Trainee: 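Below you'll find the structure I mean.
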Amino acid sequence: MGLNQVKLGVDVFFDRNLSELKGKRIGLLTNQTGANSDLISTIRLFHDHPELHLAALFAPEHGLLTNAKEGEKFTDAVHRSTGIPVFSLYDKSKKPTDEMMRQVDIVVFDIQDIGARYYTYIYTMAYMMEACARMGKRMIILDRPNPIGGERIEGNVVDPDFTSFVGLYPIPNRHGMTVGELASYFNEEFHIRCELEVIEMEGWKRSSFHTETGLPWIPPSPNTTTLDMMLLYPGTCLVEGLNLSEGRGTTQPFEIIGAPFIDGEKLQDNVNSLGLEGIRARALAFTPTYQKYNGQLCEGIQLHITDRQAFKPVESVIQVLAVIASMYAEKIKFLEYGNLRHPMFDLLAGNDVLRHGLLRGNIQPYLQQCNRDMENFMETRERYLRYR
């Protein structure tokens, strides 16, 4: 374990007697973040263990190596070094099929989450729990830290009419739970009834950011970079639903907001005049190398976190979007996709209240809803918290 302070679920799991799993065909739902505290991959740990039979691998969005871009589908494959089949859970269907499930007796989940409800790995986990319940299989969650802490929550919960793969359950934008806690919450509150076991970490404190855990950081997706990026993400992910660049195709995804029609210095001054807690805006110019405005010069702002404890990502970014909507009312657009029943922004926001608020220049109804939803969610989630 070296100097690490936190013992991961995967470390705890391999410290115990595993004879109960002897002869069982194990399926592992993971990606490159599945590794122990010494950075040995969970795939290798299972494959090389004399008492364990790793029969199948399941890959979420971005693939087993997390090299696929957002929204990029990929097909089933064979794991190069072990010859084990890899089933895609981000192809024609995001749900495990009965045929996939027949290959295994137990499914183990080991993936790093980043603490925001838009992040699809937690819904892949939930779909796998449903499949296990349907097929009479057991599921084991190897728990990991919430990198942006487990105390603060922020945002609204998803309205039932706005559920999607970026908001499948009514949890806030920043939920403050670990994957193990979320699994228990989904299983009980939404009656999945999966035979579920959560292998808890040892030594994790709810107040800790990832930089305080003593653990190495493995990016769980191509645009997941620094702790500041992850702290901003519960707010800045909303930018994906607008004709603004969220910084994809730059080295600062989800830390910058811009477009060719924005005056960066004016936006910087207007945002800083709000006096938002724990954050400052700085004007910048950038040219994305893919996605929105590929190859076009954009101006905008970078959001610099000055106080991680005081900073409120959802409220702060919504205030920034309100400033942009006011400055560029004629140019701001909410993106529509033909196969979605709502604008993408509404699916990310979990309702249409925020979009209408930005259009009307009054975001207070949305912020008031956030306060109500947070109060109710705090009460419910209390039953599922494992680390006090």
Side-chain angles (χ1 to χ4, degrees), residues 61 70-71 94 113-124 126-127 148 152-177 182 185-186 189-191 230-244 246 254 257 274 276 292 311-326 328-329 332-381:
E61 183 180 8
E70 63 283 350
K94 298 178 176 70
D113 182 43
I114 66 168
R117 77 152 175 254
Y118 330 102
Y119 217 52
T120 62
Y121 298 155
I122 58 175
Y123 307 124
T124 297
Y127 281 152
I148 59 173
R152 298 290 184 90
I153 70 167
E154 198 186 351
N156 64 301
V157 301
V158 178
D159 184 287
D161 190 45
F162 290 82
T163 58
S164 71
F165 201 50
V166 290
L168 197 59
Y169 289 104
I171 58 176
N173 311 49
R174 182 182 184 180
H175 51 71
M177 298 174 80
L182 282 170
Y185 172 72
F186 295 158
E189 293 294 316
F190 304 101
H191 313 294
M230 289 184 284
L231 277 165
L232 284 158
Y233 185 74
T236 52
C237 185
L238 294 167
V239 179
E240 288 192 10
L242 292 158
N243 64 332
L244 300 170
E246 66 278 3
F254 299 104
I257 302 171
L274 297 175
L276 298 172
K292 298 175 201 168
F311 173 53
K312 296 179 180 177
V314 179
E315 182 176 343
S316 297
V317 171
I318 286 164
Q319 295 281 9
V320 170
L321 294 181
V323 169
I324 296 172
S326 171
Y328 301 101
I332 287 292
K333 290 185 175 63
F334 294 88
L335 303 180
E336 301 269 358
Y337 296 95
N339 60 336
L340 298 178
R341 66 188 189 282
H342 297 294
M344 184 63 185
F345 187 86
D346 291 2
L347 296 180
L348 291 165
N351 60 32
D352 59 6
V353 177
L354 179 54
R355 176 167 56 89
H356 290 307
L358 289 170
L359 290 169
R360 292 170 184 155
N362 180 14
I363 56 174
Q364 287 310 308
Y366 174 77
L367 295 178
Q368 288 163 5
Q369 180 175 344
C370 287
N371 289 332
R372 291 193 300 272
D373 286 356
M374 282 190 286
E375 192 174 322
N376 293 333
F377 181 75
M378 283 287 277
E379 190 176 326
T380 306
R381 83 166 194 152

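Computed from a prediction, not measured in an experiment: that's the story for all the values here. Numbers here are sequence positions counted from 1.
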Trainee: If you define the side chain from C-beta out and look only at heavy atoms, does anything of Leu358 sit under 4.5 Å from Phe345?
Mentor: yes
Trainee: Taking the side chain as everything from C-beta on, heavy atoms only, tell me whether Tyr185 gets closer than 4.5 Å to Ile171.
Mentor: yes
Trainee: Is Glu240 close to Leu335 at the side-chain level, that is, under 4.5 Å between some pair of heavy atoms?
Mentor: no
Trainee: Atom CG in Leu232, atom CD in Glu246: separation rounded to 0.5 Å?
Mentor: 13.0 Å
Trainee: Is the side chain of Glu154 donor-acceptor paired with the backbone N or O of Val314 at a distance under 3.5 Å, no angle test?
Mentor: yes
Trainee: Suppose we screen for ring pair (Phe, Tyr, Trp, His ring centres under 6.0 Å). Which residues come up paired with Tyr328, at least two apart in sequence or across chains?
Mentor: Phe261
Trainee: Short question: side chain of Asp373, backbone of Val157 - any donor-acceptor pair under 3.5 Å?
Mentor: yes
Trainee: Working to the nearest 0.5 Å, report the span between CD1 of Ile318 and OH of Tyr366.
Mentor: 4.0 Å
Trainee: Under 3.5 Å, is there a donor-acceptor pair between the side chain of Tyr118 and the main chain of Pro234?
Mentor: yes
Trainee: How long is the span from the CG atom in Leu168 to the CZ atom in Phe186, to the nearest 0.5 Å?
Mentor: 7.5 Å
Trainee: The test is side chain to side chain contact (heavy atoms under 4.5 Å, CB included); show your working for Asp352 and Phe162 and say whether it passes.
Mentor: CA-CA 9 Å; Asp352 59 6; Phe162 290 82; 4.0 Å; yes
Trainee: May I ask you to decide if Leu276's main-chain N or O and Lys312's side chain share a donor-acceptor pair within less than 3.5 Å?
Mentor: no
Trainee: I want to check something: taking the side chain as every heavy atom from C-beta on, are His175 and Asp113 in contact at a cut-off of under 4.5 Å?
Mentor: yes
Trainee: Nearest 0.5 Å please: distance from the CD1 atom of Ile257 over to the CG atom of Leu321.
Mentor: 5.5 Å
Trainee: Are any non-hydrogen side-chain atoms of Arg117 and Tyr123 less than 4.5 angstrom apart?
Mentor: yes
Trainee: Picking from Leu348, Leu244, Val320, what satisfies side chain to side chain contact (heavy atoms under 4.5 Å, CB included) with Leu238?
Mentor: Leu348
Trainee: Tell me whether the NZ or CZ atom of Lys94 lies within the 45° cone about the ring axis of Phe165 and under 6.0 Å from its centre.
Mentor: yes
Trainee: Side chain of Gln369, backbone of Asn156: donor and acceptor closer than 3.5 Å?
Mentor: no
Trainee: Flag the pair Met378 / Ile153 as yes when at least one side-chain heavy-atom distance between them is below 4.5 Å, and no otherwise.
Mentor: yes
Trainee: Taking side chain as C-beta onward, heavy atoms only, is Val166 less than 4.5 Å from Met344?
Mentor: yes
Trainee: Is there a donor-acceptor contact under 3.5 Å from the side chain of Arg355 to the main chain of Pro343?
Mentor: no
Trainee: Answer yes or no: is there a side-chain heavy-atom contact under 4.5 Å between Leu367 and Gln319?
Mentor: yes
